[in-house]
2 protein chains.
Amino acid sequence: MTSGDAPEEGRIPDSTVRRISGYLRILEDLTAAGARTVSSYELARRAGATPAQVRKDLSLFGQFGKRGTGYHIGQLHDEVKKILGLNRHWRVCLVGAGNLAHALFAYREFAREGFQIEAIFDNDPEKIGQDWNGLSVLSVARMVDQVRRRDLEIGLITTPAAAAQEVADSLVRAGVKGILNFAPRKLFVPEGTRLRNVNLAIELESLSFFLK
Amino acid sequence: MTSGDAPEEGRIPDSTVRRISGYLRILEDLTAAGARTVSSYELARRAGATPAQVRKDLSLFGQFGKRGTGYHIGQLHDEVKKILGLNRHWRVCLVGAGNLAHALFAYREFAREGFQIEAIFDNDPEKIGQDWNGLSVLSVARMVDQVRRRDLEIGLITTPAAAAQEVADSLVRAGVKGILNFAPRKLFVPEGTRLRNVNLAIELESLSFFLK
DNA sequence: TGTTGTGAAGGCGTTCACAGCC
DNA sequence: GGCTGTGAACGCCTTCACAACA
């Protein structure tokens, strides 16, 4: 192996990735506040984690700190963006043009981290042709073709549960690399496509479990 | 201990609770399809889990199956609803009357599982007084009083990140039992209040990590 | 035979604790 | 002295495998 390679990312726990995504937001807050360096203790305090956890998480990707000093915020920020694959833009489409899609479309955080929503699809004639801030809602019939042609990489599914698996199949066929599913059913995709399920009902129900 | 007590719930993993919430939806699908019994194998297949996992999850709460036959769907459905604390209604309020709040307000799944949104708060004069399907958006200034008076139990926070912690503090002061936070910052609440953070940016960013 | 319930084994992420360096 | 990086210990969730039972 040649020296100068990026550190090998062995097996990275999902929980580590999620925490690191949280650190990113904290680093942005710290930057805005004018800080230059931050210790694993401070980062942990703000993230609701432990210092050892923070150091272990980061150490899985390289050595970014200085003993005695901590981490340089600007540098760590750039490293974290690279780690998460946010040092580029992602071409995203929305499937299902309902209320949730509208919220995602308007979500500042997405645009700020480089996720560009470039197409919106629905099958409701009432919605097809709607103008969303300059973007025209298209028929799902055109989805596969459009996703291929524009090389869209990520699909956000916000359709009703009954339609979600079929939409996912089409997105996979059209060649998206990843899917974020908000429909309240677990979806399945072939090996090679990444899928993440966000189920709002589960969040609220698991809250109610701990309250009862 | 008297016999006839509900089985003691020792330490239940969060992951178990979330999976059980997923089983609930599957049981509802099966009921709609007219099935009477289901095995741990079938339940696992649909949930994307393993049969042993399903059996272990359920066994933490009692013995609901019949050897050789599987689980009676109707009965298991009722048990699961009880386990999750869904055999009752929950009084919920929304804080922040933006796009995401609108999506949550319209989300069928919540109403179907007994979460009743009984108040909406915002601090934007443009939004205060808006009619949301018969519910009037109120000023956050009235939040603590209203939450107390109406004995609201769960708060859904959809404000901008900068305001979220302050809103959470007020909700705790007003006596809510649980908070579901959608603002992209980790919040902190005192022991005794349950908090769950849903961070959409993290979901999309951790997807991008695995795609890069 | 079919399928559950569960103790035991295994695997994996978290925490500890300290060597190493600034 | 302060703080990072990390191997080792720990603990917890998952998986295994089989006894029990319809």
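Predicted model, so just to flag it, every value in this text is computed and none were measured.
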Nearest whole angstrom, please: distance from the C1' of C/dT14 to the CG of A/D57.
10 Å
Protein heavy-atom contacts under 4.0 Å, written 5' to 3' over nucleotides 5-11 of chain C as B (base), S (sugar-phosphate only) or - (none), form the string BBBB---
Where the side chain of B/T158 meets the backbone of B/G96, is there a donor-acceptor pair that is under 3.5 Å apart?
yes
Are B/E203 and A/R18 within salt-bridge range, i.e. N to O under 4.0 Å?
yes
Are the charged groups of A/R25 and A/E113 less than 4.0 angstrom apart, N to O?
yes
A/I179 and its side-chain contact (heavy atoms from CB on, under 4.5 Å) partner, picked from A/I154, A/N197, A/V172
A/V172
Please give, in whole Å, the distance from C/dT14 P to A/I12 CD1?
12 Å
List for me each residue that meets ring-ring contact (aromatic ring centres under 6.0 Å, His included) alongside B/H102, sequence neighbours excluded, and say none if there are none.
B/W132
Set of side chain to side chain donor-acceptor pair (under 3.5 Å) partners for B/S39, sequence neighbours left out:
none
I'd like the 5' and 3' limits of the part of DNA chain D contacted by chain A, with heavy-atom contacts below 4.0 Å.
D/dG2 to D/dA8
Can you pull out the residues from residues 14-32 of chain A that lie within a 4.0 Å heavy-atom distance of DNA chain C?
A/S15, A/R19
So does A/K66 have more than 12 non-hydrogen atoms from other groups sitting under 6.0 Å from NZ?
no
Would you call the rings of A/F61 and B/F209 parallel, tilted or perpendicular if under 30° counts as parallel and over 60° as perpendicular?
perpendicular
If you draw a 6.0 Å radius around CZ in A/R108, do more than 12 non-hydrogen atoms from other residues or ligands fall strictly inside?
no
Residues 183-194 of chain B, side-chain donor-acceptor partners within the protein, below 3.5 Å, at least two apart:
from   : atom 1 : to    : atom 2 : distance (Å)
B/R185 : NE     : A/D29 : OD2    : 2.8
B/R185 : NH2    : A/D29 : OD1    : 2.7

